[in-house]
Amino acid sequence: MLRFFHTEKTNDNHYTLLMDDLRQTAQELRDAYRNLGNVVDPDLIDCYIYELNSVQMRYKFLLTSIKNYDSYVHACDTKKEDSYTKNPLEVSES
């Protein structure tokens, strides 16, 4: 399901925590949908709608956090690569 996020950052604790939270939230989202589909009491329907909205917002936040983290890591890697590919005389002048 989330294979497009699977990169070589498996040794990065922050990235691992984000992915674990995302997996847990995805399970909670499935549970909230299942619970909402199985209730008939109006109060419980309202309860599960609120829970579903809350979990959806957390899921969206985690996706955005992972995307921003990926962008940050990629930007840092690009800066490192650029300094190695430049002319050594240009790097030493700055």
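Hydrogens, waters and symmetry mates are skipped; everything else that's a heavy atom, side chains included, is used.
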To the nearest 0.5 Å, what is the distance between [atom1] on [X] and [atom2] on [Y]?
X: I66; Y: L17; atom1: CD1; atom2: CG; result: 10.5 Å
X: L29; Y: Y59; atom1: CG; atom2: OH; result: 7.5 Å
X: L62; Y: D21; atom1: CG; atom2: CG; result: 5.5 Å
X: M57; Y: L52; atom1: CE; atom2: CG; result: 11.0 Å
X: N68; Y: Y72; atom1: CG; atom2: OH; result: 12.5 Å
X: T25; Y: R30; atom1: OG1; atom2: CZ; result: 10.5 Å

Quiz prompt | N/O donor-acceptor pair under 3.5 Å between S54 side chain and Y50 backbone | solution = no
Self-check item: Any residue meeting side-chain contact (heavy atoms from CB on, under 4.5 Å) with I45, in chain and number order, not counting sequence neighbours
Solution: L36, V39, I49
Practice problem: Would you mind checking if D20 and R23 are paired as a salt bridge, meaning a charged N to carboxylate O distance below 4.0 Å? | Solution: yes
Quiz item: Are Y33 and Q56 close enough that some pair of their side-chain heavy atoms sits under 4.5 Å apart?
Solution: yes
Quiz prompt | Test log, rule side chain to side chain contact (heavy atoms under 4.5 Å, CB included), inputs L22 and L18 | solution = CA-CA 6 Å; L22 187 66; L18 284 173; over 6 Å; no
